[in-house]
Number of protein chains: 2
Amino acid sequence: MTQIYDLPGHQIRRLHQISVAVFAAQTRAAGFDLTPVQYAALASLRDHPGIDQATLAGLIAYDRVTIGGVVSRLEARGYLQRKVRDGDRRARSLTLTERGESLLATIQPAVRATQDQLMAGLAPDERDAFMRLLAKLTEAGNHLSRAPFEGGEA
Amino acid sequence: MTQIYDLPGHQIRRLHQISVAVFAAQTRAAGFDLTPVQYAALASLRDHPGIDQATLAGLIAYDRVTIGGVVSRLEARGYLQRKVRDGDRRARSLTLTERGESLLATIQPAVRATQDQLMAGLAPDERDAFMRLLAKLTEAGNHLSRAPFEGGEA
DNA sequence: CTCTATTGATATGTATACTGATGATTAGTA
DNA sequence: TACTAATCATCAGTATACATATCAATAGAG
C-alpha cells in the first residue's frame with residue numbers, strides 16, 4: 001500500500017525541514033537573522049565577486065527567479081551591491097559590501113554548529129558514508145532539477 | 001573557508017529540490033496535478049480516515065498552518081471532505097471522497113516511478129544504506145523541527 | 001460550577017520555490 | 001547589416017513553509 005514513511009522523498013523532505021529549522025535556531029542564537037539561501041548566496045559571492053544573478057543561481061543551484069528575490073532582500077539589508085555590468089546592460093554585477101563580508105566572518109561558528117547538530121545522530125564513519133551517498137545522488141539527479149548546479153569544479 | 005558544497009544542509013536541500021521536481025514531472029506525465037504534500041495528506045488520510053487537521057499534520061510532519069492551506073485546496077478540488085466533528089466543534093474531521101480514493105489508486109505507479117528515478121544514482125545496496133542512515137537522521141533530529149512527526153508506530 | 005490553561009483552526013506577514021510570460025539587450029547568422 | 005535566436009532579469013500567479021497572534025471551544029483545577 002506504500003506507506004509514505006518508506007518513500008525516500010518523504011524522509012528527504014523531513015531532513016531538509018529539520019536542517020532549515022536548525023540553521024534558523026543556530027544563527028538566531030548567535031544573534032543573526034539569515035536564512036540558508038541567503039547564507040549560500042553571500043558565501044558564494046565572497047568566492048566569486050562580480051558575478052551576475054544567473055551565474056550565482058547556477059553556483060548554488062537555485063532558481064533564477066528565487067535568487068532575484070533573495071538578492072533584492074540582501075541588497076535592501078545592505079549586505080551586497082547590485083550594479084549594471086559594463087559591456088552587458090542586461091546583467092547585474094553582484095558584490096559583497098563591508099557589512100556582508102563582516103557578517104560572513106562572524107556567522108561562521110553558527111554555520112558549523114548547524115552541521116554538527118544536524119549530523120549528531122550518526123557516528124563519524126556513518127556521516128562520511130551518508131555524505132558520500134548524498135553527493136552521489138545529487139550529482140546523478142542534477143539534470144532533473146529546474147535549478148541544476150552549473151559551475152565547473154565544485 | 002567552508003565551501004557551501006561541503007555542508008550537509010546544502011546537499012540535502014538540493015536532493016529535496018530534485019525530489020520535488022521529479023515528483024512533479026512524473027505525476028504530470030501520468031496526467032495528474034498533485035504536489036508531494038498533497039499526496040502525503042491524501043495517502044495518510046486513506047490510512048486514518050476521520051482524523052482532524054492537527055493529527056494529520058503530526059502524521060506527515062508538517063506545520064499545522066501549512067496543512068490548513070493544503071487541505072483547503074484539496075477540498076476545493078473535491079478530493080476530501082471537511083466537517084465539524086461531533087463532540088468537539090473546534091476540530092474538523094477529514095475524509096477522502098470517492099474522487100480522492102480513486103486518485104490515490106491511479107497515481108500509485110507515478111509515485112513509485114518517482115522514487116525509482118530519485119534513487120537511480122545508487123546501487124541497490126547503497127540505496128538500503130542511504131535509507132537507513134536517512135531514517136536515523138530524521139529520527140534523531142525530529143525534535144528539532146517545529147513540525148515533528150507525531151503518531152506512534154510508523 | 002467558574003476560572004484558567006490548552007487546543008484546533010485560522011489570519012497575517014515574510015521568505016522560499018517554480019511555471020509561464022515578457023521586456024531589454026546581446027550574439028549569431030544570412 | 002538586417003533578422004533571428006539566445007540570454008538576463010523581472011512580473012504574475014500558485015503552492016509550500018514558518019513565526020506570531022487571535023478566536024472559538026474544550027478540559028482541568030479548585
Side-chain angles (χ1 to χ4, degrees), chain A residues 9-10 13-14 16-25 27-28 33-41 51-58 60-77 82-94 144-148 150, chain B residues 9 13-25 27-28 33-41 51-58 60-77 82-94 144-148 150:
Chain A
H10 181 72
R13 184 195 62 77
R14 280 189 61 200
H16 173 60
Q17 208 159 33
I18 292 167
S19 168
V20 171
V22 169
F23 186 94
T27 54
R28 180 174 308 189
D33 178 26
L34 211 68
T35 65
V37 211
Q38 291 171 350
Y39 172 75
I51 56 176
D52 59 36
Q53 295 183 185
T55 305
L56 174 61
I60 60 181
Y62 270 91
D63 187 279
R64 289 214 307 249
V65 180
T66 300
I67 289 304
V70 171
V71 165
S72 241
R73 283 181 284 274
L74 288 174
E75 185 191 26
R77 288 167 64 186
R82 184 157 40 169
K83 65 175 179 184
V84 174
R85 176 183 292 167
D86 313 337
D88 189 345
R89 299 215 305 277
R90 290 172 304 183
R92 311 266 185 278
S93 272
L94 306 175
L144 300 172
S145 172
R146 190 211 178 187
E150 295 166 335
Chain B
R13 184 195 62 77
R14 281 189 60 199
L15 188 56
H16 172 60
Q17 207 158 34
I18 292 167
S19 169
V20 171
V22 170
F23 186 94
T27 54
R28 179 176 307 188
D33 177 27
L34 212 68
T35 65
V37 209
Q38 292 172 350
Y39 171 75
I51 57 175
D52 59 37
Q53 295 183 187
T55 306
L56 174 61
I60 59 181
Y62 271 93
D63 186 279
R64 290 213 309 249
V65 179
T66 301
I67 290 305
V70 171
V71 165
S72 241
R73 284 181 284 274
L74 288 174
E75 185 191 28
R77 289 165 63 185
R82 187 157 39 166
K83 65 174 180 184
V84 173
R85 175 183 292 166
D86 312 338
D88 190 343
R89 299 214 306 274
R90 289 172 305 181
R92 311 266 186 280
S93 271
L94 307 175
L144 299 172
S145 172
R146 194 216 174 185
E150 294 168 334

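Here is the naming used below: chain letters follow the sequence lines, and residue numbers restart at 1 for every chain.
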Original post:
Between A/Phe23 (CZ) and C/dA15 (C1'), how many Å, whole number?
Top reply: 14 Å
Original post:
Can you check the B/Arg73 CZ to C/dT10 P distance for me, whole Å?
Top reply: 12 Å
Original post:
Between C/dA17 atom C1' and B/Arg14 atom CZ, what is the distance in whole Å?
Top reply: 16 Å
**OP:** Just report the end-to-end axis angle for the helix from C/dC1-D/dG30 to C/dA30-D/dT1, five pairs per end, to 10 degrees.
**Re:** 20°
**OP:** Mind telling me whether B/Phe23 and B/Tyr39 have parallel, tilted or perpendicular rings, with 30° and 60° as the class edges?
**Re:** tilted
Subject >> Minimum heavy-atom distance A/Asp63-A/Ala147, with the two atoms named >> reply: N-CB, 3.3 Å
Subject >> Nucleotide of C/dT16, D/dT16, C/dT19 approaching A/Asp63 most closely (side-chain heavy atoms) >> reply: C/dT19
**OP:** Could you tell me the separation between the OG atom of A/Ser19 and the CZ atom of B/Arg13, rounded to the nearest 0.5 Å?
**Re:** 10.0 Å
**OP:** Using a 4.0 Å cut-off on protein heavy atoms (strictly under), produce a 5'-to-3' string for nucleotides 3-9 of chain C with B for base contact, S for backbone-only sugar-phosphate contact, and - for none.
**Re:** ---BBBB
Original post:
Rounded to the nearest Å, what distance is computed from the CZ atom of residue B/Arg13 to the C1' atom of nucleotide C/dA17?
Top reply: 10 Å
Original post:
If you find the nucleotide of DNA chain D closest to A/Gly68 and the one closest to A/Gln17, which residue's nucleotide is nearer the 5' end?
Top reply: A/Gly68
Original post:
Within the pair B/Arg85 and D/dA25, is there a side-chain N or O less than 4.0 Å away from OP1 or OP2?
Top reply: no
**OP:** Return the value, rounded to whole Å, for the distance between atom CZ of B/Arg89 and atom C1' of D/dC23.
**Re:** 14 Å
Original post:
Would you say C/dT16 has OP1 or OP2 under 4.0 Å from some side-chain N or O of A/Thr35?
Top reply: yes
**OP:** Round to the nearest Å and state the distance from A/Ile51 atom CD1 to D/dC8 atom P.
**Re:** 12 Å
Subject >> Interatomic distance, A/Ile18 CD1 vs D/dA17 C1' [rounded to whole Å] >> reply: 14 Å
Subject >> Gap between atom CG of B/Leu56 and atom CZ of B/Arg64 - 0.5 Å precision >> reply: 12.0 Å
Original post:
Would you say the side chain of A/Arg82 lies within less than 4.5 Å of the side chain of A/Ser72, judging by non-hydrogen atoms?
Top reply: yes
Subject >> A/Arg28, nearest nucleotide to its side chain (from C/dA17, D/dA15, D/dT20) >> reply: D/dT20
Subject >> Option passing side chain to side chain contact (heavy atoms under 4.5 Å, CB included) with A/Gln38 (candidates A/Val71, A/Val70, A/Asp33) >> reply: A/Val70
**OP:** Please check the phosphate of C/dT16 (OP1 and OP2 only) for any side-chain N or O of A/Gln38 closer than 4.0 Å.
**Re:** yes
Original post:
What nucleotide among C/dT19, D/dA15, C/dT16 has an atom nearest to a side-chain atom of A/Arg146?
Top reply: C/dT19
Subject >> Approximate separation, where rounding is to 0.5 Å, of A/Leu74 CG and A/Ile67 CD1 >> reply: 9.0 Å
Subject >> From B/Gln17 atom CD to A/His16 atom NE2, the distance as rounded to the nearest 0.5 Å >> reply: 8.0 Å
Original post:
If you check every side-chain atom of A/Val65, which of D/dA17, C/dG20, D/dA25 has the closest atom?
Top reply: C/dG20
Original post:
Contact class for A/Val20 vs. all strands (heavy atom < 4.0 Å): base, sugar-phosphate, or nothing?
Top reply: nothing
**OP:** Answer yes or no: does a side-chain N or O of B/Tyr62 lie under 4.0 Å from OP1 or OP2 of D/dT16?
**Re:** no
Subject >> Value in whole Å for how far the P atom of C/dT16 lies from OH of A/Tyr39 >> reply: 16 Å
Original post:
In Å, rounded to the nearest 0.5 Å, how long is the span from CZ of A/Arg85 to CZ of A/Arg92?
Top reply: 11.0 Å
**OP:** Enter the distance from B/Arg28:CZ to B/Leu34:CG here, rounded to the nearest 0.5 Å.
**Re:** 12.0 Å
